[in-house]
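Predicted model only: the values in this text are computed from it and were never measured. Numbering of residues begins at 1 and proceeds along the displayed sequence. As a basis for the values below, the full set of heavy atoms in this structure was taken, side chains included, without hydrogen atoms, waters or symmetry mates.
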Amino acid sequence: MQNLTELPTNATSHRSLSVILKVCVVIPFFCVFLVCIAVMLHIFASHRQFLDTSRYILFATMLVNDTVQLMTSVLLFLFVMSQVNFALVYCVPLFFISSATFQNTPLILATMSLERYIAIVYPLRRPASWRSDRIWIIILSLWFISCILPVIDFSIGKRDPSVNVLSTPVICKTTVVIQSPIQTQVKAAVSLLFFAVVAVIILFTYVRILLETKKLRQDRVSVSKAMHTVLLHGFQLLLCMLAFTHPITESVIVLHANWPPEDIAFFNYFCFVLIPRFLSPLIYGFRDQSLRGSIGKKFLCCSKKVKPWS
């Protein structure tokens with residue numbers, strides 16, 4: 001009888017330890033990301049030359065978008081780990097923001113690739129909407145498109161009649177908001193369509209810039225940089241698409257390892273959601289020569305301000 005009574009206690013303590021370890025992995029990782037993003041945004045705000053360039057404005061938009069996406073994602077992760085229950089009316093806005101920012105990332109990547117294409121092909125007669133003082137029109141359009149899709153997604157599904165949206169406490173999981181198979185299929189189809197369209201745009205801009213190098217006899221350095229930038233956007237897109245690999249990874253893990261379902265879900269979340277979102281803006285930011293130099297100066301100044309112990 002003693003062994004039987006100890007089983008629930010051991011299972012509870014094991015789960016508590018697992019939750020603590022997962023939180024201790026995610027929170028420091030997320031804090032490092034926030035520090036890096038805060039430094040980059042501070043550099044953008046304090047240097048006028050970045051705010052006068054469409055490419056950097058789009059990159060700053062991607063930084064803000066990915067930061068909001070990760071903040072809502074980590075917040076939902078903490079709610080699930082701590083088993084906090086909320087009314088559905090409080091969960092839906094978090095899922096809406098998370099879904100809209102997730103869809104917005106490939107749109108921003110496609111726009112950044114098109115901006116490099118226009119800067120190379122039309123250097124002297126760039127369309128007005130692509131100038132630094134008008135680029136906000138395109139940015140608002142991207143946000144509008146990315147916000148429409150979650151509204152459609154949430155409106156086509158059926159709600160559980162036993163759940164009161166205003167009062168019934170639920171755990172903020174995706175399965176609570178997306179309950180019908182139609183919602184899951186539509187969301188997957190729309191997301192894959194988004195990423196396919198963005199992939200075609202990135203491939204198109206790369207090929208056109210590649211063809212442009214054969215025509216240009218001057219300024220081949222900037223054209224080469226533009227090609228590498230477009231390739232980097234393609235790599236960023238691949239990082240974002242890792243979020244769709246969870247069915248494959250779940251099947252592989254189930255076949256080769258006896259992991260609990262919550263551990264499999266955490267593995268997919270950390271490896272294919274958090275890490276790609278963390279690496280994507282940092283790779284692009286530290287690759288840029290001007291931005292990398294400003295970041296180095298910022299950290300150098302901070303290190304000089306810290307006085308060593310006497």
Q) How many angstroms lie between CG in Asp263 and CG in Asn268, if you round to the nearest 0.5 Å? A) 11.0 Å
(Q) Could you check whether any side-chain heavy atom of Thr111 comes within less than 4.5 Å of a side-chain heavy atom of Ile139, counting everything from C-beta outward? (A) no
Q. Is any side-chain heavy atom of Cys271 less than 4.5 Å from a side-chain heavy atom of Phe267?
A. yes
Q. Looking at side-chain heavy atoms only, is the closest gap between Phe102 and Ser73 below 4.5 Å?
A. no
Q: Indicate yes or no: at least one non-hydrogen side-chain atom of Val74 is less than 4.5 angstrom from one of Leu274.
A: yes
Q. Is it true that a side-chain atom of Ser146 and a backbone atom of Asn104 form a donor plus acceptor pair closer than 3.5 Å?
A. no
Q | Side chain proximity check, Ile137 to Ser129, heavy atoms < 4.5 angstrom | A | no
Q) Without hydrogens or angle criteria, can the side chains of Thr101 and Asp66 be said to hold a donor-acceptor pair below 3.5 Å? A) no
Q) Taking atom OG of Ser113 and atom CD1 of Ile118, what is their separation to the nearest 0.5 Å? A) 11.0 Å
Q: To the nearest 0.5 Å, tell me how far Ile135 CD1 sits from Thr53 OG1.
A: 11.0 Å
Q) Which value, rounded to the nearest 0.5 Å, describes the distance between Tyr122 atom OH and Trp130 atom CH2? A) 12.0 Å
(Q) Check the orientation of Phe50 and Phe44. Use parallel for under 30°, tilted for 30 to 60°, and perpendicular for over 60°. (A) perpendicular
Q) Do Leu51 and Leu58 share a hydrophobic cluster (ILVMFWY, side-chain heavy atoms under 4.5 Å, transitive)? A) no
Q) Hey, any chance Leu193 and Ile201 share a hydrophobic cluster, counting ILVMFWY side chains that come within less than 4.5 Å of each other, even indirectly? A) yes
Q: Could you tell me whether the side chain of Tyr269 reaches within less than 4.5 Å of the side chain of Ile275, counting heavy atoms only?
A: no
Q: Could you tell me which non-hydrogen atom of Arg55 sits nearest to which non-hydrogen atom of Met112, and how far apart they are?
A: O-CE, 4.4 Å
Q) Transitively linked via ILVMFWY side-chain contacts under 4.5 Å: Ile20 with Leu78? A) no
Q.
Let's go through Leu94 and Phe79 carefully: what are the C-alpha distance in whole Å and the side-chain angles of both, what is the deciding distance for side chain to side chain contact (heavy atoms under 4.5 Å, CB included) to 0.1 Å, and is it a yes or a no?
A. CA-CA 11 Å; Leu94 291 176; Phe79 288 157; 3.8 Å; yes
Q: Could you tell me the separation between the CZ atom of Phe30 and the CD1 atom of Ile37, rounded to the nearest 0.5 Å?
A: 10.0 Å
Q. Same cluster or not: are Leu238 and Val198 linked, directly or through other Ile, Leu, Val, Met, Phe, Trp or Tyr residues, by side-chain heavy atoms under 4.5 angstrom apart?
A. no
Q | Between CD1 on residue Ile108 and CD on residue Gln236, distance to nearest 0.5 Å | A | 10.5 Å
Q.
Taking the side chain as everything from C-beta on, heavy atoms only, tell me whether Tyr56 gets closer than 4.5 Å to Gln49.
A. no
Q: Go through Leu149 and Ser99 one step at a time and tell me if the side chain to side chain contact (heavy atoms under 4.5 Å, CB included) criterion holds.
A: CA-CA 8 Å; Leu149 297 174; Ser99 179; over 6 Å; no
Q: Show the numbers, then the answer: is there a side chain to side chain contact (heavy atoms under 4.5 Å, CB included) between Arg116 and Thr205?
A: CA-CA 8 Å; Arg116 286 292 82 202; Thr205 54; over 6 Å; no
Q.
Which heavy atom of Val230 sits nearest to which heavy atom of Tyr206, and what is that distance?
A. CG1-CB, 3.7 Å
Q. Any side-chain donor paired with an acceptor under 3.5 Å for Ser54 and Arg134?
A. no
Q. Between the side chain of His42 and the main-chain N/O of Ala38, is any donor-acceptor distance below 3.5 Å?
A. no
Q: Evaluate the side-chain proximity of Phe95 to Cys172: yes if any heavy-atom separation is below 4.5 Å, no if none is.
A: yes
Q: Inspect the surroundings of CE in Met71 and state if more than 12 heavy atoms from other residues, nucleotides or ligands are less than 6.0 Å away.
A: no
Q: Can you see which heavy atom on Val84 is nearest to which on Phe86, and at what distance?
A: CG1-CE1, 3.1 Å
Q.
Let me check something: do Leu41 and Phe59 share a hydrophobic cluster, defined by ILVMFWY side-chain heavy atoms less than 4.5 Å apart, either directly or through other members?
A. yes
Q.
Checking Ser98 against Gln69 for the side chain to side chain contact (heavy atoms under 4.5 Å, CB included) test, could you report, in this order, the C-alpha distance in whole Å, the side-chain angles of both residues, the deciding distance, and whether it holds?
A. CA-CA 5 Å; Ser98 179; Gln69 207 282 328; 3.4 Å; yes
(Q) In terms of relative ring orientation, are Phe278 and Phe29 parallel, tilted or perpendicular, with 30° and 60° separating the classes? (A) tilted
